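Values reported hereafter were calculated over all heavy atoms of this structure, with side chains retained and with hydrogens, waters and symmetry mates removed. What you see is a predicted model, and the numbers here were worked out from it, not measured in a lab.
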Amino acid sequence: MTKSKMFSFNHAFIIISAITLARIFYLSLDQLNLFFDEAQYWYWSKNLDWGFYSKPPMVAWLIKITTALFGDSEGAIRLSSPILHMITSVTIYHIAGELYDKRVAFYSAISFATLPAVSLSSTLISTDPALLMFWALSMYFFIKATKDKSYKYWILAGITAGFGMMSKYNMLIFLLSAMLYLFFSTKHKKHLTSKQFWLSISIALIIFLPNIIWNFQNDFASFLHTKDNASLGGFTLHFDRMLEFIAAQFGVFGPIFFATLLSIALKYKSLKRADANRLLISFTLPLFSLIVLISLLSRAHANWAAPIYVPATILVVSWLVKKKKERLIHASIVLHIVAAIILANLVYIDKIPGISFKARGANILKGEIKDPFKRLRGWDELGAGVALALSAYPDAKLLTDSRKIHSELLYYVTPYP
């Protein structure tokens, strides 16, 4: 087999498809209960609207599609996540192919598909899979648009960016990154004042407009929740939280890749001379810097920087290939696959004689392990207990002051109250 064939799109697609099928099979086992956010998203899918309390509507739309086809099991609710990550990985192949070559494209696609954050995200339903897919598609169409004189790719970029904003508000940073790249690109700076570029932005905003109107009609609920989530109040600096956020990236992006990314950041001036590198840096640095700043001023969850790993994966892989350090790519992929297998089977570890999970007060010397899945267990039992109580008192109303418990009971109490 020639090297060009080894790194072909077909081979990348087969590997990514195999990974995706394994993830779908794992979801079909329904091993873990829904996290409260997931249960809330499921409830939204039963009451579709243009916006919801904490998020734009895309995640509810996706759940509506998968549950309409396959029922309301936990696996069906989560089904879109591995499929969306598959589409993102395939899109990354084409982005890297446009910017570099088939070797970089192949390694970038496989590397992204096996990232720890992607493996974990594929087992849950959240806003991130859709955001990453639309971010990647928007990047691809944006790159094609800068090379093509027609309106086609600008229109497609606008459509995907609009749906990205309907997935998660982080997508708004995409526009900043695109404008930053164009401003510093001598070759493509002309697009900043072109009709095509502003048409693309207009299309994205038109698609996003229903959510803006919904927020206006509902006291800007989603926007205020997003602001409250960042908890920006005052000028106290939290260096411990910033370091915690940065340290977490070694876990979500992988230790080898994130260390390489930090190393690349130190070589920023020499790297940005190449237009492809400048583009990837433009779509990595602004969002990452913003989230680091938020973590310093308040707090930031590890997944808030998730979109940077679309361009960052390609940037890291291209740098390692150029430096002839492909063995680090191989090591990273193997490490991530092994970690994913361990994580997937950790749920069964208490089946080993002498080992048990404890929600709290675990003693490793007694074979007791703190249950890493404690927030994903027991809700079905609680729901069954509450359902039994409701059957004895059919006129009773459920009251709770906890959004978490409320969301879980919405799903696990049957018939649905």
Side-chain angles (χ1 to χ4, degrees), residues 1-27 81-123 128-129 131-133 135-137 139-140 143 249-261 263-264 276-277 280 283-284 306-344:
M1 183 187 299
T2 62
K3 286 189 176 181
S4 61
K5 287 185 177 180
M6 185 172 71
F7 299 116
S8 70
F9 171 73
N10 287 343
H11 285 160
F13 184 78
I14 290 170
I15 295 171
I16 294 167
S17 297
I19 293 170
T20 303
L21 288 173
R23 287 168 174 165
I24 291 173
F25 172 75
Y26 181 77
L27 288 182
S81 290
I83 296 172
L84 295 177
H85 282 310
M86 176 182 176
I87 297 171
T88 304
S89 301
V90 168
T91 306
I92 284 174
Y93 182 98
H94 291 295
I95 294 172
E98 285 288 328
L99 298 177
Y100 299 101
D101 55 36
K102 286 185 177 181
R103 181 186 295 266
V104 174
F106 178 87
Y107 282 133
S108 296
I110 305 304
S111 294
F112 181 84
T114 57
L115 288 181
V118 172
S119 293
L120 179 60
S121 178
S122 295
T123 65
D128 286 335
L131 171 67
L132 293 174
M133 182 189 73
W135 188 286
L137 287 169
M139 272 193 69
Y140 175 70
I143 293 166
Q249 304 312 304
F250 284 96
V252 297
F253 196 42
I256 296 173
F257 269 32
F258 191 64
T260 304
L261 183 61
S263 175
I264 290 173
N277 293 340
L280 295 173
F283 282 94
T284 301
I308 75 163
Y309 296 122
V310 172
T313 298
I314 303 170
L315 185 63
V316 167
V317 167
S318 65
W319 191 84
L320 290 175
V321 169
K322 182 180 179 181
K323 296 295 180 180
K324 301 188 185 302
K325 295 183 178 180
E326 291 179 30
R327 65 186 184 281
L328 291 178
I329 301 174
H330 301 158
S332 185
I333 291 172
V334 170
L335 177 64
H336 296 168
I337 291 174
V338 170
I341 292 172
I342 292 173
L343 179 65

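With a 4.5 Å cut-off on side-chain heavy atoms, F9 and K102 do not count as touching. Residues L27 and P82 form a side-chain contact, since some pair of their non-hydrogen atoms from C-beta on lies under 4.5 Å apart. Side-chain atoms of F13 and M86, non-hydrogen and from C-beta on, do get closer than 4.5 Å to each other. Counting heavy atoms from C-beta outward, N277 and Y100 have side chains that approach closer than 4.5 Å. Side-chain atoms of I143 and H94, non-hydrogen and from C-beta on, never get closer than 4.5 Å to each other. In this structure, the side chains of L280 and M139 come closer than 4.5 Å at one or more pairs of heavy atoms.
When all heavy atoms are compared, the tightest approach of H11 to M6 is ND1-O, 3.4 Å. The shortest heavy-atom contact between L328 and I256 is O-CG2, 3.9 Å. The two residues H336 and G254 come nearest to each other via the heavy atoms NE2-CA, 3.4 Å.
For S89 (side chain) and H85 (main-chain N/O), a donor-acceptor pair under 3.5 Å exists by modelled atom type. No side-chain donor-acceptor contact under 3.5 Å links Y107 to the backbone of I329. Remark: the backbone N or O of M133 is paired with a side-chain donor or acceptor of T88 at under 3.5 angstrom.
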Show me the side-chain donor-acceptor pairs of residues 310-321 shorter than 3.5 Å, one per line, residues at least two apart or across chains.
residue, atom, partner, partner atom, Å
T313, OG1, Y309, O, 2.5
S318, OG, I314, O, 3.1
S318, OG, L315, O, 2.9

